[in-house]
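Protein chains get the first letters and strands the later ones, always in sequence-line order, with residue 1 at the start of each. Because the structure is predicted, anything quoted here is derived from the model rather than measured. Just so you know, these numbers use all the heavy atoms, side chains as well, and skip hydrogens, waters and symmetry mates.
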Number of protein chains: 2
Amino acid sequence: MRSHYCGAINESHIDQDVTLCGWVHRRRDHGGVIFLDLRDRDGIAQVVFDPDTAESFARADKVRSEYVVKVRGRVRARPAGTENSNMATGQVEVLGKELELLNAAATPPFPLDEYVDVGEDVRLRYRFMDLRRPEMLNRLRFRSRVTTYIRNFLDGEGFLDIETPILTRATPEGARDYLVPSRTHAGSFFALPQSPQLFKQLLMVSGIDRYYQVAKCFRDEDLRADRQPEFTQVDVECSFIDEVQLTGIMERMVRQMFAELLSVELPEFPRITYAEAMSRYGSDKPDLRIPLELVDVADLVADVDFKVFSGPAKDPKGRVAALRVPQGGELSRKQIDDYTKFVAIYGARGLAWIKVNELAKGAEGLQSPIVKFLGEETSLAIMKRLGAADGDIVFFGADKVNVVNEALGALRVKVGHDLGRLEREWAPCWVVDFPMFEELPDGGLHAIHHPFTAPSCSAEELKADPANALSRAYDMVLNGTELGGGSIRISDEKMQETVFGLLGIDHEAARAKFGFLLDALRFGCPPHGGLAFGLDRLIMLMTGAQSIRDVIAFPKTQSATCLMTEAPGEVDEKQLQELHIRLRKPVAENNQAGVDQSNVKG
Amino acid sequence: MRSHYCGAINESHIDQDVTLCGWVHRRRDHGGVIFLDLRDRDGIAQVVFDPDTAESFARADKVRSEYVVKVRGRVRARPAGTENSNMATGQVEVLGKELELLNAAATPPFPLDEYVDVGEDVRLRYRFMDLRRPEMLNRLRFRSRVTTYIRNFLDGEGFLDIETPILTRATPEGARDYLVPSRTHAGSFFALPQSPQLFKQLLMVSGIDRYYQVAKCFRDEDLRADRQPEFTQVDVECSFIDEVQLTGIMERMVRQMFAELLSVELPEFPRITYAEAMSRYGSDKPDLRIPLELVDVADLVADVDFKVFSGPAKDPKGRVAALRVPQGGELSRKQIDDYTKFVAIYGARGLAWIKVNELAKGAEGLQSPIVKFLGEETSLAIMKRLGAADGDIVFFGADKVNVVNEALGALRVKVGHDLGRLEREWAPCWVVDFPMFEELPDGGLHAIHHPFTAPSCSAEELKADPANALSRAYDMVLNGTELGGGSIRISDEKMQETVFGLLGIDHEAARAKFGFLLDALRFGCPPHGGLAFGLDRLIMLMTGAQSIRDVIAFPKTQSATCLMTEAPGEVDEKQLQELHIRLRKPVAENNQAGVDQSNVKG
């Protein structure tokens, strides 16, 4: 119906007739003429109706915000002095000749052009209006460009796009599955996949060689700020390859994509071991834009009288670390108190600190509640190790290793942002050499990646010292966010059974749950590995959106509902009968509410 | 790990060292040397090990079918007389220097290279082996090429790839939904989408303008041969467009795709009205490869004594039609009897026929059980209308319209195939001008496309004569298969309410189920329309596969199970508690089986 998108009109079209279709973004009367700002997905064009074209003028007089119209007219330069350099089309306007009203519109539930502080609930309820805002529309458009870019890149590298099932069996990622009752098999349930992990490994066993999929994944977990019940993963798997080759392809893809879509030249991704990342940054997804680092000082404080430090220093599972903030001495007492509360979120029982006022004065020059406990010699030894200078502040963490890492790791990022210490806009890296397992409180083992990740040692070595074994896993991290992760997989049945065994899954249970995988490993499995990117998070980072919900067309709230469609909803008794299930009745005794309450226990 | 794919080795590589990785397709000892056919996704290369390389020779001696190996060697021409012109790599072989065993393999559950008649159950149980067969692998690869082609085409036309939710509300396509119990909202359920219909319409209301998605859709229906519980749809929607423009884009896409991927030049798609398709072919998805046509003869037989014909001829809901098969007179009595049984499947109570032996002899020259009932004059009038010639056979259908259409429509296709009467390999068309509604036995109306399809008349005209109103729907048909369908949608709230009303959905119910859509229509909805292709069926047609399961990596059986993963499966009582549901107990009294039986009633 249109000849051009509104946003595409420019000086090259002057004296041409154009036909535009779109929404009335704004309508103004001025000096006897009517100005319509006409909006479509590409932008806004100004259309002018004067009384010479009486019929169209009368129609234009009646349109309101968000009416849908079709306009035919001639492009002309705006009168001198009325150009708008903030608009792509600001040098020109369209002198309207015909106006056709395609659809009227009720008054919008919130103003689109003065969007400031509309509550997210209203935005989600009227999502079809919220998406009209150019900011939102451009994010969806950018998302489409990213997926297209990724697909074409992978296609060019010989990866085949293969769909794996959504109705499947419980997968072992460890989160709660969404279940789908089977009608044809009473009492049985499908699970929605947490990832296509096992299917993509089976495709490698089939000889597909290179697989990818932009795959929907599902986790029925309590939602944090940046989680959704369904999310999208760029899922990749490759045979006859090692971690260097695979991470190389993926790094090339991300660097090319940033260059082409954002004009950002990412540096080569440094590779950091998990151990180094935890030691220097207190995190396995270090934000390398921030130059601050954790430094171990346990050896210097092991023998001081100050138990808060010496205790963890002597504990094999403890850590004492310092975080020097160059020229951070200006922080106020209030700010330091706020940081103390901040680290408490991560379990830290306090936040010791030393301000370096004048090093030349020795302990005298150090302002701190703890120097008197540490003593001058120790305090100065710490300053020396840290390379402290006048004007700095040093924060300390002393506790179990994980508490220190989490608290100081988070503080490092927060202080870095608060004080504007980001050295660059983009800082990617690979984190490698993850441990195979973490120990559970009950002494059992838990797979850090997943049970299909290959160790970097033999089965014998693994059995001998599982807690210290490293895996062939790798994470891609950007600006402190994990963009994706993957590993070289176990391709040997015996190794897979060994790992299952260490995880407490005996032969019987392994056969029952993963029999088809073990079969597949037996019938000629190639060496293979892969990776998955969290697409939503990648788009969020690339667009600078504040919430993952802002890069998803129709997201769920944090209580996993869709405010627009009001899903989930009630269903007929007949449907439940067909699915061989019934609702549990609420059992709380004084409970007046029906089945709709959300905290009912069965 | 490899330098080349096996299938890529050719004479240009002679005297080069190559490294190949893959599966041992076959191993032969011959004249003191060992021949390995090494297979990967690209093809098969012959590798020769001779005793000169003792270590590798010994290893090669031990490998068996489907072992995974890495081979380094030098490409050479095969000795004269041993070339194999059936293989892409048949002019060369690789003289193996090193062989590394990457993985052993148990004896395959069925032989891959002598695949003849392995039961589908075994193939599905060991799908990862079945997919190793080049035939299967090539279908998946072709499928990937098709989706990539479609995506790039649509991307080039300005369509944005936008994901819509999988966890959503019941959609109104009319089939049974798969349900997902909500954990956070006791007693509520998500539905898996039967299509993204409403979401894509909402995206048009948002101003996305052009949307596409390769979308997973779900229907919990009893499965026929070419149905799957989850299937894939190429889903398209577009604003400010009419049916001519939209079908034009889609036709261009399919024609370009056939040209580029299959080297098939499809003709311009003829447009056939629904009425004409039913009249001439007895089907709204006519197989136009077959030149046979149905011809109405009711007016000629309305007054004969033969009630089998005159009854339906005088019934306003009846039809009497003839199908002339040129030179079909050779059909034996047995064959005609088989066709009589065939049309009975479609409800026909018999199959009248006339063989044209010698027209010049009048009724004498017609061989038939019915000529005596019709009389000579009528019989010859029919022959004249049909343009019958000596050697032809004419079949008749006389019954309710739909019985005649279905029976003769199916017979037309069957006879056309049986007698090899296909005039060309590919015959596409558009079917247009569908009725808005079909009448239900209870006198109610049912939407032929869906309730969001726009009529080609005004709301007043629609209300005045809904049974005869036409819609702005269109189907793309290829070789008698519906490839896709779509329509221009209702963009006006009042028209939508009118259609809901005619379908027996009152204002209250419409608000409850589709309130968000009605809202969206109120706030400035552009004219829009779209289409969806069934991707699985498209790939099946393009690859010539016999079953939809052969173009899906991990399909379900006709009882909606996955034989490989054994989905659906049982789940823990704890999971059911979290989801606020419990299983219904079987109630059949003498029922010994547990919850696993499939015919339990609650």
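Between chain B and the residues A:E163, A:E66, A:M204, the largest count of heavy-atom pairs under 4.5 Å involves A:E163. When each of B:C562, B:A520, B:P555 is checked for heavy-atom pairs under 4.5 Å with chain A, B:A520 comes out on top. Ranked by heavy-atom pairs shorter than 4.5 Å toward chain A, the options B:C525, B:P109, B:P229, B:S182 are led by B:C525. Here B:L576 is the residue among B:L576, B:D242, B:D40 with the most heavy-atom pairs under 4.5 Å with chain A.
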Using the side-chain contact (heavy atoms from CB on, under 4.5 Å) rule, take B:I208 and A:L140 through it: C-alpha gap first, then chi angles, then the decisive distance, then the call.
CA-CA 9 Å; B:I208 291 294; A:L140 292 187; 4.1 Å; yes

Go through it in stages, so that I can follow the logic: the residues are B:T561 and A:H185, the test is side-chain contact (heavy atoms from CB on, under 4.5 Å), and I'd like the CA-CA distance, side-chain angles, deciding distance and then a yes or no.
CA-CA 9 Å; B:T561 61; A:H185 293 78; 3.0 Å; yes

Given side-chain contact (heavy atoms from CB on, under 4.5 Å), test A:R41 with B:L160 step by step and report yes or no.
CA-CA 11 Å; A:R41 108 179 170 190; B:L160 302 183; 3.7 Å; yes

CA sep, side-chain torsions, deciding dist, call: A:L137, B:S206, side-chain contact (heavy atoms from CB on, under 4.5 Å)
CA-CA 8 Å; A:L137 215 145; B:S206 298; 5.7 Å; no

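For the residue pair A:S188 and B:E570, no side-chain donor N or O sits within less than 3.5 Å of a side-chain acceptor on the partner.
No part of A:L101 comes within reach of chain B, as not one of its non-hydrogen atoms sits under 4.5 angstrom from that chain. Contact of B:A104 with chain A is made through the backbone alone, with heavy-atom distances under 4.5 Å. Using a 4.5 Å cut-off between heavy atoms, B:E578 touches chain A through its side chain atoms alone. With a 4.5 angstrom heavy-atom cutoff, A:T565 touches chain B via backbone and side-chain atoms both. Looking at B:T107, the atoms closer than 4.5 Å to chain A (heavy atoms on both sides) all sit in the backbone: N, CA, C or O. Looking at A:I241, the atoms closer than 4.5 Å to chain B (heavy atoms on both sides) all sit in the backbone: N, CA, C or O. Within the 4.5 angstrom heavy-atom criterion, no atom of A:Y67 approaches chain B. Within the 4.5 angstrom heavy-atom criterion, no atom of A:R145 approaches chain B. Proximity to chain B is limited to the side chain of A:T147, based on heavy atoms less than 4.5 angstrom apart. In this structure, the portions of A:R141 lying under 4.5 Å from any heavy atom of chain B include both its backbone and its side chain. Contact of B:Q575 with chain A is made through the side chain alone, with heavy-atom distances under 4.5 Å. Of the atoms belonging to B:T148, it is side-chain heavy atoms, and not backbone ones, that fall under 4.5 Å from chain A. With a 4.5 Å cut-off on non-hydrogen atoms, B:P527 touches chain A through its side chain but not through its backbone. Within the 4.5 angstrom heavy-atom criterion, atoms from both the backbone and the side chain of A:I166 approach chain B.
Residue B:F128 is tested with A:D519, A:L203, A:L517 for a side chain to side chain contact (heavy atoms under 4.5 Å, CB included); the sole match is A:D519.
A:R169 places no side-chain N or O within 3.5 Å of a backbone atom of B:G569 that could act as its donor or acceptor partner. Looking at B:W23, its side chain does come within 3.5 Å of a backbone N or O of A:G524 through a donor-acceptor pair. Listed for the A:R132 side chain is a donor-acceptor partner under 3.5 Å among the backbone atoms of B:V205. With B:E230 contributing its side chain and A:L167 its backbone, the two residues share a donor-acceptor pair below 3.5 Å.
Taking the charged nitrogens against the carboxylate oxygens, B:R2 and A:D209 do have a contact shorter than 4.0 Å, which makes a salt bridge. A salt bridge links B:R151 to A:D161: one of the charged nitrogens lies within less than 4.0 Å of a carboxylate oxygen. Of the charged side-chain nitrogens involved, at least one lies within less than 4.0 Å of a carboxylate oxygen, so that B:E573 and A:R584 count as a salt-bridged pair. With salt bridges taken as basic N to acidic carboxylate O contacts below 4.0 Å, one links A:R183 and B:D222.
Relative ring orientation between A:Y178 and B:F190 is described as perpendicular, the plane-to-plane angle rising above 60° on a 0-90° scale split at 30° and 60°.
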